[in-house]
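These notes are about the structure you will find just below.
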Amino acid sequence: TALPTPLPSPVPTPVPTSSPTLSPTMIPTPIPTSEPTISPTNEPTFQPTALPTPLPSPVPTPLPTISPTMIPTPTPTSVPTISPTNEPTTLSPTSLPTPLTTFSPTIAPTTTLPTTEPMTPSPTDVPTRLPTSSPTPVPTLIISPSPSKEPTGPPTMLPTPIPIPLPTIPVTPAPTRAPTPRPTPPPTSSPTVPRTSQPTPNPTQSPTKNPTTTPSISPTDLPSSFPSSSPTQLCNLDPDERMMVMNGILATISGDTVNVTGSPQNLASNWIINQDSAYICPQDPTMVQRYSLAVFYYATEGDDWRECSAPSDFSDADSIAEANADCTVEVSEGDGGTDAWLTPSSECQWGGTRCDGDFIEKIEFEDNEVAGSLPTETSRLNQLKYLVLEEGFLSGTIPPEIGDLARLEVIDLNFNILRGPIPTNFYRLNRLQQLDLNDNELTGSINTNIGRLQSMTFFQVENNQMTGDIPSEMGKLALLEVATLNNNDFMGTMPQELCDVSTLDVLTADCMGPSSSPGYVECDSDCCTQCF
């Protein structure tokens, strides 16, 4: 026909038409045509054909197929599919690694048993977040920046190549209670508590690590066959190890000043490590105390004190005896020694000190020409109760760290040349009973926290350069007996709360003269016991 029929024929024609029908048939023909149509249809068929086409199409289709093909293509496509496959490309791991990393893991692990070699041929550059379940076969090349919080379980089989900078926290176990009946083949780690009544019949094979504290009752019958292989070691450390450990400890106390040549800290460090005949050990519980007192000595120009200065030669017995003879300073109310400072005796026996047990609780010097400045290391005397340094030449400011000495009951620094304010830390010393700072060059005001000093009985700050109002919180000092505030630059009115303290016997202020004069404090005679 010249033109296509308006409707499709009910049965397929034996020969295809030269042109398509005007509208597609509602249902596919029961038998496919023997030849393809001249031009493709605009839409896909509703169902796939029963058989695949004999040849692939010469160009790719613009869109992917609606469903996957039944079998994979013999060669990979040049570009990836629009969406990834649901299953892995292989059912088992490949024999060689892929050139690029996969985006998801394989279904099965590469091996079913643990590997015998480590995952990495060399240690990682940075530490792992969690410790390994077993130790590494060899130590790491780099030392950790800080010690571990917990000790390792078993000790190492070999010693460390270099000693640790600080001693271990637990000390060595106590010595045995009684001597062994026969000498032990290796030396003991420490001497026995009681010495043997008689020398052992045979000498030990090796020398003991520590010498005995007292000589043997009688010498041995025969000299030793050979000299000892090495000298005995005090403190279980050789001199270089002792020096290194002590330097490390002292650096944590005084910081870099311990290395500043000529500083009080440097002089004290050199004395306690190299010159002190007592040869104190780093693990001794009084080591920090002895060092702190040595810093105090050098910081307050101890060589120029009137009495109790250190000997000129720390190792000479005559020099030490001469220095001791020149020290007559004794503390009041208690037993204290009169040895010169920095002598080999216990610091509890040095003049001007007193101890409770082995620890300093009092330092007392009056008119002994104590000069220089108070060092911050004084705050390391944790048991200190009384700091009395009257009528000297102390200058500079009062270290705030002194306020960290929670046991302080008396601070008496009058008649010196101290400057600056009263440290605010002083106002939290709830055991403080006496604060005597008169006749200095102190400035600043009285802190309102003074009301916290509930044990205070004596507050003396006259003859300074202090300013501001007298705080009403002084009225909270229920045990206050003496308060001398005159010859300062205070102003305002004496608080009635302070006037009402029932225990107050002495209260002085600059309440004489015209009210317009600088430093005038209004205080009537019913309150102040004396006006200046």
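Note that this is a predicted model, so its numbers are computed, not measured.
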Minimum side-chain heavy-atom gap [X]-[Y] below 4.5 Å:
X	Y	value
Leu342	Phe314	yes
Asp469	Met491	yes
Asn430	Arg452	no
Leu394	Val370	yes
Trp350	Cys327	no
Phe490	Met466	yes
Met287	Met246	yes
Leu480	Leu498	yes

Original post:
Would Asp276 and Arg290 pass as an ion pair if we require N to O under 4.0 Å?
Top reply: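 Yes, Asp276 and Arg290 are salt-bridged.
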Subject >> Ion pair Arg380/Asp404, N-O distance below 4.0 Å >> reply: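 A salt bridge is absent here (no side-chain N lies under 4.0 Å from a carboxylate O).
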For the residue pair [Y] / [X], report whether a side-chain donor-acceptor contact shorter than 3.5 Å exists.
X	Y	result
Ser332	Glu364	yes
Asn463	Asn487	yes
Glu522	Ser515	no
Tyr386	Glu409	yes
Tyr298	Asp303	no
Asn438	Gln460	yes
Asp339	Ser345	yes
Thr484	Asn486	no

With a 3.5 Å distance limit and no angle check, can you tell me whether [X] reaches the backbone of [Y] through a side-chain donor-acceptor pair?
X	Y	result
Glu241	Asp238	yes
Asp358	Thr286	no
Asn488	Leu485	yes
Ser269	Asn259	no
Glu401	Thr376	no
Thr457	Gln433	yes
Asn368	Glu307	yes
Asn247	Met243	yes
Asn464	Asn440	yes
Asp356	Phe359	no

**OP:** Take Glu441 and Arg419 through the test salt bridge (charged side-chain N to carboxylate O under 4.0 Å, His left out) and record every step on the way to the result.
**Re:** CA-CA 5 Å; Glu441 298 178 3; Arg419 301 186 303 273; 5.2 Å; no
Can you give me the closest heavy-atom contact between [X] and [Y], atom names plus distance?
X	Y	value
Val501	Leu477	CG1-O, 3.5 Å
Ser315	Ser277	CA-OG, 3.8 Å
Ala509	Met494	CB-CE, 3.6 Å
Asn416	Phe393	OD1-N, 3.2 Å
Ser254	Tyr291	OG-OH, 2.7 Å
Leu418	Ser395	CD2-O, 3.8 Å

[atom1]/[X] to [atom2]/[Y] distance, rounded to the nearest 0.5 angstrom?
X	Y	atom1	atom2	value
Gln454	Lys476	CD	NZ	8.0 Å
Arg306	Asp326	CZ	CG	13.5 Å
Ile253	Ser292	CD1	OG	5.5 Å
Leu504	Cys528	CG	SG	9.0 Å
Ile360	Thr353	CD1	OG1	4.0 Å
Phe296	Thr378	CZ	OG1	6.0 Å

**OP:** Test side-chain contact (heavy atoms from CB on, under 4.5 Å) on Leu381 and Leu387 and set out the steps.
**Re:** CA-CA 11 Å; Leu381 306 174; Leu387 181 60; over 6 Å; no
Subject >> side-chain contact (heavy atoms from CB on, under 4.5 Å) between Glu330 and Thr338, intermediate numbers included >> reply: CA-CA 6 Å; Glu330 293 184 277; Thr338 57; 3.4 Å; yes
**OP:** Test Cys499 against Cys523 for disulfide (SG to SG under 2.5 Å), laying out the working first.
**Re:** CA-CA 9 Å; Cys499 299; Cys523 184; 5.0 Å; no
More than 12 foreign heavy atoms under 6.0 Å from [atom1] of [X]: is that the case here?
X	atom1	answer
Glu322	CD	no
Asp335	CG	no
Tyr279	OH	yes
Asp256	CG	no

**OP:** Take Ile398 and Ile411 through the test side-chain contact (heavy atoms from CB on, under 4.5 Å) and record every step on the way to the result.
**Re:** CA-CA 11 Å; Ile398 304 172; Ile411 300 176; over 6 Å; no
**OP:** Please work out whether the ring planes of Trp305 and Tyr297 are parallel, tilted or perpendicular, with thresholds of 30° and 60°.
**Re:**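 Trp305 vs Tyr297 ring planes: perpendicular.
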Original post:
Given Phe459 and Ile450, is the side-chain contact (heavy atoms from CB on, under 4.5 Å) satisfied, shown in steps?
Top reply: CA-CA 10 Å; Phe459 182 74; Ile450 193 172; 3.8 Å; yes
Subject >> Residue pair Cys531, Cys511: steps toward the disulfide (SG to SG under 2.5 Å) verdict >> reply: CA-CA 5 Å; Cys531 288; Cys511 47; 1.7 Å; yes
Original post:
Among Asn449, Leu453, Leu408, Ile402, whose side-chain contact (heavy atoms from CB on, under 4.5 Å) with Phe426 holds?
Top reply: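 Considering Asn449, Leu453, Leu408, Ile402, a side-chain contact (heavy atoms from CB on, under 4.5 Å) with Phe426 is found only for Ile402.
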